[in-house]
Every structure is written in structure tokens, then in C-alpha cells.
2 protein chains.
Amino acid sequence: MDPHLLRTFVAVAESGSFSAAAGKLGYTQSAVSQHIAALENDLGTALLHRRPVTPTVPGERLLEHAAPILLRLDAARADVLRAVGEPPGSLVLGATPLSASPARALTELRRSMPGLSVTLEIAGREAVAQGVAAGEFHLGLIDGVAAPSDPLRLFDTGARRTTAIAHEPLVVALPDDHPLARRKRLNLHDLVDARWIDAPEIAAPLADLRAATETDGLRASITYPGTDTLTLLALVAAGHGLAVLPRSVAPSTGVTLLAVEAPRLVHRTELLHGHIDGPAAATLAAVLSG
Amino acid sequence: MDPHLLRTFVAVAESGSFSAAAGKLGYTQSAVSQHIAALENDLGTALLHRRPVTPTVPGERLLEHAAPILLRLDAARADVLRAVGEPPGSLVLGATPLSASPARALTELRRSMPGLSVTLEIAGREAVAQGVAAGEFHLGLIDGVAAPSDPLRLFDTGARRTTAIAHEPLVVALPDDHPLARRKRLNLHDLVDARWIDAPEIAAPLADLRAATETDGLRASITYPGTDTLTLLALVAAGHGLAVLPRSVAPSTGVTLLAVEAPRLVHRTELLHGHIDGPAAATLAAVLSG
DNA sequence: ACAGTGGATAAGCGATACTGATCGGCGTGG
DNA sequence: CCACGCCGATCAGTATCGCTTATCCACTGT
């Protein structure tokens, strides 16, 4: 289970082709074939169906493990390298689009450490988590939906600590002409049969909502992979589906925002960090979490 | 960052000697030396001080990552191998000593699947978590202390899911002649200066309590690494220190059990599983979590 | 039937990863 | 103070590994 073999395995599984994976990795097709053969031989079982190239059941299992393992390997390298260098004079902060605005904390930080250059980068949940693990970001802010006082369920990426920073109630965004739009508050169970917009980067991922409502409902009409809240609200107004958002989203024409009464869920944002290296990161972490 | 290199690195760091590690791993001392040199060369930094052999700062970082990575690698292999074989006719359940007794669930299970052979193994928290990850146990039961409706903070070992099974209040075990033993209920903050028995396998680990009380107090007088509750209570009765336990522990002579009023904490046990393979594990999981 | 596509296999060669032997620095006991 | 012993570094040699190139073979679509 050499990491190289794992790497080519996921590349092959992703691209569905030995030759394509070979090209992507800078190998020969022959080498890739031998890699897969070595893995299958080592584990004593077929990992891929050929023609078309598709993971077998054990292959699926391995795939679930392979990506996190490779990620952790990278994270370990990054972490070690960070430990050797000087604590940097700049600070890079990764944040998901709707994580509670760190603007206040940033001004506080610049007051206490004037010479510091701070960069704020907006990215998706997974990108932020990976960026923190890989040392690309010194700190990360991730938002999501969870039961009150539950931590967010994050990706399993390296040794990181999280601390909760902010909670806020949830609202459902419906088009103004939706039959339920005149209500004051809603129960998500009333909406299991509605059509939803799956916007995993900004709205509550449907999978989380399904887990919270303990239903199989909540079918996605379309998925919006972007990170722009206005676009999402426009999609809602146009009747493409509903979305669950934190209450603080700005009201938008054509969209009604109704408080979610049950199940008891909150929008939560958490601070994510591996090792806190420099004093800048330390004070920012302190300001953000406290 | 070949796993082999990581393996020998942790072996060397643990044993504090190249030659000893070589013996343990079945290598030559020369090979171990080359392994470490390769790692240090790859990462561009010294990982170990020599004479005496001790991790450098970057080495410490790498150590934090290495063990989980190696564990996950093993877990991946085990998971794949489990996917290939037949679902087994027997079921192995790992449980921490104080995880809520699965006796009721087990009888339920044997009623519905009479031919099944079930093994219950008691182990420490970490051993159970690793056993589940490695496929040694089909299911795991782990208990611990957490804020109400918080999940337990578990070790980062492979892709596993947890579901809460049982909550129960906490008590402090004090010797009968303790000045506070006549009280009805206690606040842990009243006890930050007391002496505690650190029994991480069965009682609430002191680190968890410190986090919950947000103090640096709670100093350990002695640590009891065993898993026998009676022994622990005997230590308490003999005045060696206090311990926090779930309320359901049997009363013991010389020991007073007082409810913990604040901070709000519960004893919680969780079901831990990777993939549910056989029907036996599926129904046991259903019974335990339902 | 036949080309074309895409994975498997074979041969060869440079790189790798061990072992055994030797060297060298440091601490220890006489 | 010296000599020895311990332990890690280094070197040389060899077996194996892991690539590439070249070729083969099974299946697909026409």
C-alpha cells in the first residue's frame, strides 16, 4: 500500500481509464497497469473492473480510505515544513462564504499588530479544511448546520482542532408565492416533499438536513455549485427550489425567509486550526474564539 | 514519506535507539540509519537528535501525524479485506469497561439470530477505537464524558461513524470522611484543588474534565491504568483521591457518590462502526442504537 | 472480417533498498 | 589518562524493484 500506488489508484478510478491516469500522473500506461496489478496482488482481490474501468466493491472501500490518507500525508509534510521555518509575518485566513464575517476580528487584530499583512480567502468547506490541513491557511472558518451545541461534522483531514465561534438560527428561503410563505415559522418536516436547491458550498448541504430530519425526502431539483448567495436567492425566487440558510442573509426581492422551528438546528461557524505557529495566528485565534 | 520510513521513524523515536528499532523491525542498524537519513533528506530538516536519540521539534510534529497515518493504512487494508470475504457468522464486539452494558441488546440479538456466536471484549478507549478501525471488532462501544448532546471526542482513526446510545448523569466518588461528603450535590469547581485519581480507562479522563471546567486545576495524585472499577473505588475510599464516574456504578463501602451539578456534563456511550458488513452487525447496531 | 481502442505482458536497464563491514565520536571504567 | 565499548554514519556490493519501450491480446463498432 505504497502511497504512489494509492495515488495512481484514485487517479484511475477518477478518470475511468488507465491511459488517462497515466497521462495525468506523468507515467506510462504500462506503469499504471503494473501499479494496479501490484495493489490488487497485495490485497489479494480485484479493485477495478476493466472495460469499462470501474471500482469493484473492495475498490470502493479502498477509495474511501485512499483520499484521506493521501491528504494526511500531504498535511504531515506541510506541518513539518511549517515547524522548521520562521513564523511568517503574514497571515492567511480561509473562510467559507457564509462563515460569520471575521471583519470585526480582523480590525481588532490589525489594531494590536499593525505591521501584519492579512489575507482573507473565500473557498468551499472542503477546500478550507484541506487548506488548513495543508498549511495553506493559518486558520480556517467553516460554517455549517448542526444540532445545537453539536460540533460540525467535518472532513477527516489531519490533526486539527476546532472551536465554535458563533451560532445563529436558520431560515428557509422560499419564493414569495409559495403556499407556505405566509406562515411565520416552519417545520422542516412540512417540506420534505418540496424541491430543494442543493448548494453545498453555501446553503446547508441536503445530506445534513436529511440526517437532521431523519427522512429520505428533501430531493434536489438542481444543484448550484457556486458560492454566491445572491444567485442562490435568485434561483429560489425563480421557483427552482428552496434552500436553508443562516438568518443573517440579506433579504432579497421575491424571496421570503421563514424561521426554522423544528428540528432544532443552528447555523454554526467554527474556527479550524492545526498548530498555531506565529503570534499573529495566536492572537487572531484568541480574538475570533473569544 | 514512504510508510516504511514512517514506521521505522516512530520505532526509533519510541525506543530511543537506532539499533533497538532495527532489532524490533527486523532490519539492520544500517538500514534504519538510511531510513532516517532518507526521511530527513526528503523533508529537508533534522528529525532526531542523536546521542541521545530524541525527536527535534519538526520530528515531534511528524510523530503526531505518523501514528494516525500508519493506523489508517492498516485500517484501509483491513476494511478492503473485510469487503471481499463472506460476512462472518460470528460477531466481535469491543467495549470499554463502563460503556452501558450491552447485555440487554445481546439477548435481543440472540433471540432474533439464534445461530450466531457473539464475543464481547473489554478494552480501553483507544484499543476499542483502533480495534474497530482495524476490523478486529465489528462494533465498538465507547463511553466518556462530554457536554450534553455533544459527541465524544474520539481518536482520529479511519472513517468511522458514531451514534449516541445512552446518557447518564455523573457522580463524584469521595471517601466517606471527606469534608464535602455530606453534601447532596457538588460543583466540580469546588474540587479543582482536590487530589484526583487519573484512571483514564474507566473514569472520566482528567483532561476532559479540565476542558469542561475550563481550569488548570484537577491535579492527579496517582494514576490507575487498570480497568477495574472496584479497585478504583477502593483507592478512593483509601483517600488517594477523587474520581468522576457515571451514576450507575455500584455503591461501595467507604465511598460516597455525589451528583455533579455543574458544569453540565453527562456520561455518554457511543456505538462506533466502520462499515456494517453482515446482517448480524446490522441488527445488533439497530438494537443498540434503537 | 477488420481496424481501432485500451489494458496486459515481456524484456531490459537504471535506481533502489537492503546486508555486511568498517569508521569515528563519545562516554565509561580501570 | 587511556583504552575499550557502544552506537550511529558511511561504504561497497548485490538482489530486487520500478520504470520504459515494444508487443500482444481482448473487446467494440462498423
Side-chain angles (χ1 to χ4, degrees), chain A residues 1-60 62-63 66 69-70 73 76-77 80 84, chain B residues 1-60 62-63 66 69-70 73 76-77 80 84:
Chain A
M1 298 238 309
D2 184 319
H4 291 117
L5 304 190
L6 286 184
R7 249 172 59 84
T8 93
F9 174 63
V10 321
V12 170
E14 274 173 7
S15 55
S17 148
F18 281 48
S19 336
K24 219 187 316 186
L25 299 172
Y27 284 136
T28 316
Q29 172 267 324
S30 169
V32 169
S33 183
Q34 292 175 46
H35 277 186
I36 302 299
L39 255 187
E40 295 188 325
N41 191 47
D42 177 27
L43 295 173
T45 182
L47 296 172
L48 294 168
H49 297 293
R50 321 296 154 98
R51 237 181 282 272
V53 172
T54 258
T56 63
V57 172
E60 294 272 11
L62 183 58
L63 267 184
I69 287 173
L70 295 174
L73 242 11
R77 156 169 270 110
V80 170
V84 60
Chain B
M1 298 239 306
D2 184 317
H4 291 116
L5 304 190
L6 286 183
R7 250 171 58 85
T8 94
F9 174 64
V10 320
V12 170
E14 274 174 7
S15 55
S17 149
F18 282 49
S19 335
K24 218 186 319 185
L25 299 172
Y27 284 136
T28 317
Q29 172 267 324
S30 170
V32 169
S33 184
Q34 291 175 46
H35 277 188
I36 301 299
L39 255 187
E40 295 188 325
N41 191 48
D42 177 27
L43 294 174
T45 182
L47 297 171
L48 293 168
H49 298 293
R50 319 295 155 98
R51 245 183 278 270
V53 173
T54 259
T56 63
V57 172
E60 293 273 9
L62 183 59
L63 267 184
I69 287 174
L70 294 174
L73 243 11
R77 156 171 267 108
V80 169
V84 59

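Chain letters run A, B, ... following the sequence lines, proteins first and then strands; every chain starts at 1.
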Novice: When the distance from CZ of Arg7(A) to C1' of dG18(D) is rounded to whole Å, what number comes out?
Specialist: 16 Å
Novice: Taking side chain as C-beta onward, heavy atoms only, is Leu70(B) less than 4.5 Å from Pro3(B)?
Specialist: yes
Novice: Heavy atoms only, 4.0 Å cut-off, all strands: where does His4(B) land among base, sugar-phosphate and nothing?
Specialist: nothing
Novice: In whole angstrom, what separates Arg50(B)'s CZ from dT10(D)'s P?
Specialist: 9 Å
Novice: Heavy atoms, side chains only, cut-off 4.5 Å: are Asp2(B) and His4(A) in contact?
Specialist: no
Novice: Find the distance Asn41(A):CG to dC17(D):P and express it as a whole number of Å.
Specialist: 11 Å
Novice: On the nucleotide dA9(D), are OP1 or OP2 found under 4.0 Å from the side-chain N or O atoms that Ser33(B) carries?
Specialist: yes
Novice: Within a strict 4.5 Å, meaning less than it, do heavy atoms of the Thr56(B) and Thr45(B) side chains meet?
Specialist: no
Novice: Does the side chain of Leu48(A) come within less than 4.5 Å of Phe9(A)'s, by heavy atoms?
Specialist: yes
Novice: Considering only heavy atoms from C-beta outward, does the side chain of Leu63(A) approach that of Leu47(A) to under 4.5 Å?
Specialist: no
Novice: Passes side-chain contact (heavy atoms from CB on, under 4.5 Å), Val10(A) versus Ile69(A)? Steps please.
Specialist: CA-CA 11 Å; Val10(A) 321; Ile69(A) 287 173; over 6 Å; no
Novice: Just by protein heavy atoms under 4.0 Å, how would nucleotides 24-30 of chain D read 5' to 3' in B, S and -?
Specialist: --B----
Novice: In whole Å, what is the span from the NE2 atom of His49(A) to the C1' atom of dG6(C)?
Specialist: 18 Å
Novice: Looking at dG8(D), dA8(C), dC19(D), which one has an atom nearest to any side-chain atom of His35(A)?
Specialist: dC19(D)
Novice: Can you tell me the distance, in whole Å, between the CD atom of Gln34(B) and the C1' atom of dA12(D)?
Specialist: 11 Å
Novice: Please answer whether the main-chain N or O of Ala31(A) pairs with a side-chain N or O of Thr28(A) as donor and acceptor at a distance below 3.5 Å.
Specialist: no
Novice: Please tell me if the side chains of Ser17(B) and Val53(B) come closer than 4.5 Å, counting only heavy atoms from C-beta onward.
Specialist: no
Novice: Please state how far atom CG in Leu48(B) lies from atom P in dC7(D), giving the value in whole angstrom units.
Specialist: 16 Å
Novice: Do any pairs count as a salt bridge (Lys or Arg N to Asp or Glu O under 4.0 Å) and have a residue in residues 36-47 of chain B, sequence neighbours left out, and if so which ones?
Specialist: Arg77(A)-Asp42(B), Glu40(B)-Arg50(B)
Novice: Where along residues 16-32 of chain A does a heavy atom come under 4.0 Å from DNA chain C, residue by residue in number order?
Specialist: Ser17(A), Phe18(A), Ser19(A), Gln29(A), Ser30(A)
